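Worksheet: the structure to be examined is printed underneath.
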Amino acid sequence: MDYNELSAYVDSRKREYLNELSGIIRIESVSADPSKKKEMVRCAESISSLMREAGIENVTLFETGGNPLIYGDYKHAEGKPTVLVYGHYDVQPVDPLSEWETPPFEATVRGDDLYARGSSDDKGQLFMHLKAFEAFRKLNEEIPVNLKYIFEGEEEIGSIHLEPFIRSHGELLKADVVVISDTAMYGRDMPTICYGLRGMAYLEITVSNSAIDLHSGSFGGAIDNPVHVLADIVSRLHDKYGRVTVPHFYDDVVDVPTEEREEIARLPYSDAEFLRQSGAVATFGEYGFSTNERLWIRPTLDVNGIYGGFTGEGAKTIIPSKATAKVSMRLVPNQSSAKILDLFEIFINQIVPPTVKVAIKKMHSGEPALTPINHPAVKAASAALERVFGRKPYFIREGGSIPEVLTFQETLGAPVVLLGFGLPDENSHAPNEHLYLRHFFDGIKTLAVLYQELSS
Ligand code: BES
Ligand code: ZN
């Protein structure tokens, strides 16, 4: 296919693309919210329709016990590689809703960006793959590779049902390469290939004492306070060098080769830009590592939320019966999420005082993953980016997680190419999530060129 023709075609369809994407954005597919089960199914059905309309065949919804998985394929390029495209149609919760400038599920163009929950993570990027496919059909071009699609609705809650599905559907999903667009570019108009993601180990820790909240005058000071204990535990999870104190936490971390650390150091980076992107006061983290190293090659531990006792308006005098913290640990290659969860549990049981009870609830986990950057599929992605963006891509790792990347790699024996078009400051998981429109349209072009590159 002629690139100029492709480019002109995509540019001529901008309005339709935005209208269609708005349709799937409108469906409130928040996987963390149990009251949205119907929306999850509706969203999966709506994406299935888009797939069929684009010409994708064998589109099927698979029941999983959780949210449906969407499969589809188009396998008419005999002798050519098979590409498995993965994406997720679930989104993060929208709260705090009052911080949104326009309603989260109404896709709104403002300036150069499309604002909505899921615009960047990941409905917009999933959609780009469908439109890249469709472009070939509309231009009467043969699809140059065999394509398979697997879209899930539980990525944001740890891909609980995808893992067993991949393991039991090896033949259905069999592919030479997996392509995922669910990461960010290093900056605007800076084409990027991500070759590493961190893993995840998520748990909840609940400290409890009395069966119900008690009058703090009658009991305060004479029994232990779960909020105090929890705060103490949280404050003991890091040392003054920013290291995680859970014993053996770092045991399996392998040193990143000096050459790779040098590569990372050569990427354009400035504290000022990082602080602008984050809106934070100052950089912070493990002693002896740069910001990108802290995010990409070091494991970390963060409390995502903490609650307990009275948090409403005004004052209330109680000793809370319990307090909870949600804790996530980001892991790096060679660490095992199961092992880290166990280590955490052992540590907490060691340090909790005998004056309270503690319970740990393991929530979900995912393993870290690395893509072999010398694989021909990565070269193809690199060539596609260069064709569309006019410059060679940056190679980066990311601090985020896509839980099943390693499962794809191990089960299918295929590399996973992380070719994402988001941006670090697009507020994913936060109010006013948006997608830079130029990346949206150029991403569609890049994916179409990628299919061609992979074919040759
Ligand atoms: N799209 C992100 C993954 C991501 C985030 C890649 C940042 C690169 C940079 C994905 O949808 C996501 O947020 N994943 C979760 C997974 C978790 C719930 C297991 C994450 O990283 O928090
Ligand atoms: Zn995502």
Side-chain angles (χ1 to χ4, degrees), residues 3-15 17-18 21 107-116 118-129 131-132 135 179-196 263-279 291-292 295-296 371 373 378-400 417-428 430 432-453:
Y3 178 68
N4 292 326
E5 202 188 337
L6 166 74
S7 181
Y9 169 74
V10 169
D11 290 338
S12 74
R13 293 291 311 272
K14 288 179 176 176
R15 190 186 302 264
Y17 291 161
L18 289 172
L21 178 57
T108 311
V109 174
R110 227 174 18 252
D112 300 329
D113 303 282
L114 179 73
Y115 283 79
S119 54
S120 167
D121 185 10
D122 178 43
K123 286 173 174 171
Q125 299 205 57
L126 176 162
F127 183 83
M128 288 154 70
H129 278 274
K131 294 300 130 181
V179 179
I180 302 180
S181 300
D182 189 25
T183 49
M185 307 203 332
Y186 197 62
R188 272 194 182 202
D189 305 309
M190 294 167 87
T192 304
I193 291 176
C194 172
Y195 65 90
E263 286 288 336
I264 292 174
R266 269 197 290 275
L267 288 167
Y269 170 86
S270 84
D271 277 352
E273 170 61 8
F274 181 74
L275 294 177
R276 186 197 64 76
Q277 286 173 358
S278 59
T291 293
N292 281 337
L295 290 168
W296 299 347
T371 302
I373 56 175
V378 175
K379 303 232 157 80
S382 173
L385 283 169
E386 195 172 349
R387 180 73 189 84
V388 177
F389 287 85
R391 54 197 283 203
K392 289 207 180 332
Y394 295 90
F395 282 83
I396 68 166
R397 295 201 199 190
E398 290 261 31
V417 177
L418 299 164
L419 183 55
F421 302 98
L423 279 170
D425 59 353
E426 285 182 337
N427 293 13
S428 77
N432 304 311
E433 177 180 347
H434 54 283
L435 176 66
Y436 181 40
L437 287 168
R438 181 139 86 215
H439 288 181
F440 178 49
F441 302 121
D442 282 354
I444 296 172
K445 299 174 194 175
T446 306
L447 294 170
V449 177
L450 171 66
Y451 302 155
Q452 285 183 306
E453 289 288 337

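All values reported here derive from a predicted model rather than from experimental measurement. Because only heavy atoms are used, hydrogens play no part in the values below, and waters and symmetry mates are left out as well, while side chains stay in. In what follows, residues are counted from 1 in the order of the sequence shown.
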Original post:
Hey, are Ser120 and His434 close enough side-chain-wise for a donor-acceptor pair under 3.5 Å?
Top reply: no
Original post:
Can Arg266 and Tyr269 be counted as having a side-chain donor-acceptor contact under 3.5 angstrom?
Top reply: no
**OP:** Would you mind listing every side chain to side chain donor-acceptor pair (under 3.5 Å) that reaches into residues 378-387, with sequence neighbours excluded?
**Re:**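 Every pair satisfying side chain to side chain donor-acceptor pair (under 3.5 Å) with a residue in residues 378-387: Glu386-Lys392.
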What's the spacing between [X] [atom1] and [Y] [atom2] if we round to 0.5 Å?
X: Asp113; Y: Thr108; atom1: CG; atom2: OG1; result: 11.5 Å
X: Met128; Y: Tyr17; atom1: CE; atom2: OH; result: 11.0 Å
X: Leu419; Y: Ile180; atom1: CG; atom2: CD1; result: 11.0 Å
X: Leu423; Y: Met190; atom1: CG; atom2: CE; result: 10.0 Å
X: Thr446; Y: Phe441; atom1: OG1; atom2: CZ; result: 13.0 Å
X: Trp296; Y: Glu398; atom1: CH2; atom2: CD; result: 7.0 Å

Subject >> Charged N-O contact under 4.0 Å between Asp425 and Arg276 >> reply: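 A salt bridge links Asp425 with Arg276.
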Original post:
Are Asp112 and Arg438 within salt-bridge range, i.e. N to O under 4.0 Å?
Top reply: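 Result for this pair is no, no salt bridge flagged.
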State, to 0.1 Å, how close [X] and [Y] come at their nearest heavy-atom pair, and which atoms those are.
X: Ile396; Y: Ala184; result: CD1-O, 4.1 Å
X: Pro191; Y: Arg391; result: CG-O, 3.5 Å
X: Ser181; Y: Phe421; result: OG-CE1, 3.9 Å
X: Tyr394; Y: Pro268; result: CE2-CD, 3.7 Å
X: Asn292; Y: Ile264; result: CB-CG2, 3.7 Å
X: Leu447; Y: Ala132; result: CB-CB, 3.7 Å

**OP:** Sequence neighbours left out, what passes salt bridge (charged side-chain N to carboxylate O under 4.0 Å, His left out) with Lys131? Give chain and number order.
**Re:** Glu20, Glu134
Subject >> Criterion side chain to side chain contact (heavy atoms under 4.5 Å, CB included) on Leu437 and Leu18, from CA distance to verdict >> reply: CA-CA 10 Å; Leu437 287 168; Leu18 289 172; 3.8 Å; yes
Original post:
Relative to each other, are the rings of Tyr195 and Phe395 parallel, tilted or perpendicular (30° and 60° limits)?
Top reply: tilted
**OP:** Would you check, one step at a time, whether the test side chain to side chain contact (heavy atoms under 4.5 Å, CB included) holds for Tyr115 with Asn427?
**Re:** CA-CA 10 Å; Tyr115 283 79; Asn427 293 13; over 6 Å; no
**OP:** Using side chain to side chain contact (heavy atoms under 4.5 Å, CB included) as the criterion, point out the one residue from Thr371, Asp182, Leu418, Val417 that pairs with Cys194.
**Re:** Leu418
**OP:** Taking ring pair (Phe, Tyr, Trp, His ring centres under 6.0 Å) as the test, write out the residues that go with Tyr436, two or more places apart.
**Re:** His439
Are [X] and [Y] side-chain neighbours, meaning at least one heavy-atom pair lies under 4.5 Å?
X: Leu114; Y: Leu21; value: yes
X: Phe274; Y: Ser270; value: no
X: Ile193; Y: Pro393; value: yes

If we ignore hydrogens and angles and just use 3.5 Å, is the side chain of [X] paired with the main-chain N or O of [Y] as donor and acceptor?
X: Ser428; Y: Asp121; value: no
X: Glu433; Y: Glu426; value: no
X: Ser12; Y: Tyr9; value: yes

